[in-house]
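Working notes, beginning with the structure itself.
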Amino acid sequence: MNKNNKLYIYNTIASSKELFKPIEGNRVLMYVCGITAYDLSHIGHARAYITFDIIYRYLKRLGYDVIYVRNFTDIDDKIIKRANEENTAVSSISAKYIDEYHKDMNALSVLPPTYEPRATETIKEMIDLIKGLIDKGHAYEKDGDVFFRVNSYKGYGKLSHKNIGELLAGARIPLNEEKENLLDFALWKRSKQGEPSWDSPWGKGRPGWHIECSAMSMKFLGETIDIHGGGSDLIFPHHENEIAQSESYTGKKFVNYWIHNGFVNINNEKMSKSLKNFITVRDLLERYHPEVIRLFFMFTHYRSFIDFSFEGLESAKHSLMRLYQAINLYKGFKDKVDKGNIKINYLNRETEEIKDFNNDFYDAMNDDFNTPSALSVIFNLVRKINKIINDSLLSGFINHNDLNFLDEALLFISLVSDIFGILKANPELFIETNLKDISKISLTEEEIQAFIEKRNMLRQKREYKMADEIRNMLLEKGVLLEDSNYGTTFKIIN
RNA sequence: GGCGGCAUAGCCAAGUGGUAAGGCAAAGGUCUGCAAAACCUUUAUACCUCGGUUCAAAUCCGAGUGCCGCCUCCA
């Protein structure tokens, strides 16, 4: 762990952590590859965009002025295929799924980037880029298709740490007669019957996939940017190709820091459409609070693959509850202090210092955004908060130093919650609503309340046996009763 | 076939040279008519195996085993 208060980022191209230094002053130029809009987003997308959301939020917290671009691929084979299947326009498919994506991201509290360009809005820039590449001998046209000449770029493979020979040996792509080299990739594709197309110097056609990110990155951020991110599956060939075409065109370094998030697996296997084991964000949001999903991902470092499981989600849910309970406990406690039910004593006593937790937290985050480690700091802090409050509740006194620590601790937690995008709900409400899902059982809320009242009458008469019978009966139906000083509440169990 | 990653308690998961964070679960305690909830406390002495380097290794090096990913669209 680094103790020098500086941010280190794991750079894929260097295969190691590097000190982060922006190109210019406090400004950070960040580009993250967005989705291809042809279907609902799945939990893999959720992980990727939550990861970069936290990076975005954290960089801003460090005082950087971040210009964040995240694109939409709205022209592509899969979208065309989907449009044909549904007998509708390509643009209506992409518009629909961009809209659905926004709904999902919004629900997950993923902040909107500074710019969200679409490929089809950047055709002109792409054509200019391709023209430039042809002029410089890095690309060639063949019957309306344009390919990038991989052999013309000597650094090819530097990101994915492969060399052209290895790639050729392992290639599984069928040989395309029109290409000079198996590894050459399409910059421009001539249009086929019934496909959307744009005019170009090479006839009607549409862009290849890789060129759009180079064009959009340059359009909004310039020729060299600080951070470029995406899922680890994009390292090859997508990002490798982006580097080749961008650097061949500008003669400058394209990206300083490459950040890639690990994959989401299900039962230890990659999630994919062909295995039919993917879970949509939409489905997950029906079962879990968005903050539970965020916390679930944060419990694993962003670069590790994560094995998705409902057990893991349940665990995250209980963890989140623990955080909310502590906030709630503090609120109730402050109320008691304000009302004079807890007396403040002004003896000088050693107490915890918030700055220790603060330092540990930033050390963790500065170490390549180590959220699991940062979370452990928060849970340690929560234990201290609970302990101080419970001790005071028993004794009726709170030391003024401890009280001050509590106030600072809660302020710190609220700052952390801005970075993580959690703990934004009303604690009392969150705890209540997350435990009550009446739809799962055969009783109505009114019926349950009636039983609770009946039982409490019996309890007042000390007829505990009958009271317990009601409690057991409700438990069999999935309703668990909880008695407290404030009355009896219930929650639904599975 | 080539390249790369991972292997830490019942489960999940940090830690990458100085003697094992945290979460969930479990057990004990406080509270309660009893429970539940909440909170507190406790919970790894072979960190996959074998060998090596070092005063010191989960951490570095070598070999092996197992799992996974990339080399095809993919977050």
Within the structure shown, what part of the strands sits under 4.0 Å from [X] by heavy-atom distance: base, sugar-phosphate, or nothing?
X	value
A/Leu480	sugar-phosphate
A/Gly229	nothing
A/Arg82	nothing
A/Tyr49	sugar-phosphate

Got a list of protein N/O to nucleotides 27-32 of chain B N/O distances below 3.5 Å?
none

Would A/His228 and A/Tyr257 count as a close aromatic pair, with their ring centres under 6.0 Å?
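When the ring centroids of A/His228 and A/Tyr257 are compared, they turn out to be at least 6.0 Å apart.
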
Close aromatic pair by centroid cut-off 6.0 Å: A/Phe305 and A/Phe263
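So the answer is no for these two rings.
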
Base contacts versus sugar-phosphate-only contacts with protein, heavy atoms under 4.0 Å: please encode nucleotides 19-25 of chain B as B, S and - from 5' to 3'.
--BSSSS

May I have the list of side-chain donor-acceptor pairs in residues 466-479 of chain A shorter than 3.5 Å, sequence neighbours left out?
{"unit_1": "A/Asp468", "atom_1": "OD1", "unit_2": "A/Arg471", "atom_2": "NH2", "d": "3.4"}
{"unit_1": "A/Asn472", "atom_1": "ND2", "unit_2": "A/Asp468", "atom_2": "O", "d": "3.3"}

With C1' as the reference atom in both, quote the distance from B/G17 to B/C47 in angstrom, rounded to an integer.
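Roughly 15 Å separates the two C1' atoms.
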
Do A/Ser373 and A/Asp367 have side-chain N/O donor and acceptor atoms under 3.5 Å apart?
no

Give a yes/no on whether any side-chain N or O of [X] is located under 4.0 angstrom from OP1 or OP2 of [N].
X	N	answer
A/Ser15	B/G5	no
A/Asn386	B/C40	yes
A/Lys387	B/U41	no

Taking atom P of B/A14 as reference, at what distance in whole Å does atom CZ of A/Phe296 sit?
12 Å

Integer-rounded Å distance: B/C40 P and A/Leu393 CG:
13 Å

Report yes or no: is there a donor-acceptor pair, N or O only, under 3.5 Å between the side chain of [X] and the base of [N]?
X	N	answer
A/Asp233	B/G69	no
A/Asp483	B/C34	yes
A/Arg471	B/A36	no

Does A/Asp233 have any salt bridge (charged side-chain N to carboxylate O under 4.0 Å, His left out) partners at least two apart in sequence or in another chain, and if so, which?
none

RNA chain B: stems of at least 3 consecutive Watson-Crick or G-U pairs whose donor-acceptor distances fall under 3.5 Å
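Runs of three or more consecutive pairs: B:1-7 with B:65-71, B:10-12 with B:22-24, B:26-30 with B:38-42, B:48-52 with B:60-64.
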
Pair A/Asp77 + A/Lys81, salt bridge at N-O below 4.0 Å
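Looking at A/Lys81 together with A/Asp77, the answer is no, because their closest N to O distance does not fall below 4.0 Å.
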
Is A/Asp145 salt-bridged to A/Arg190, cutoff N-O under 4.0 Å?
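Counted as a salt bridge, because a side-chain N and a carboxylate O are separated by less than 4.0 Å.
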
Quick one: list whatever passes side-chain hydrogen bond (donor to acceptor under 3.5 Å, both in side chains) with A/Asp283, sequence neighbours left out.
A/Thr280

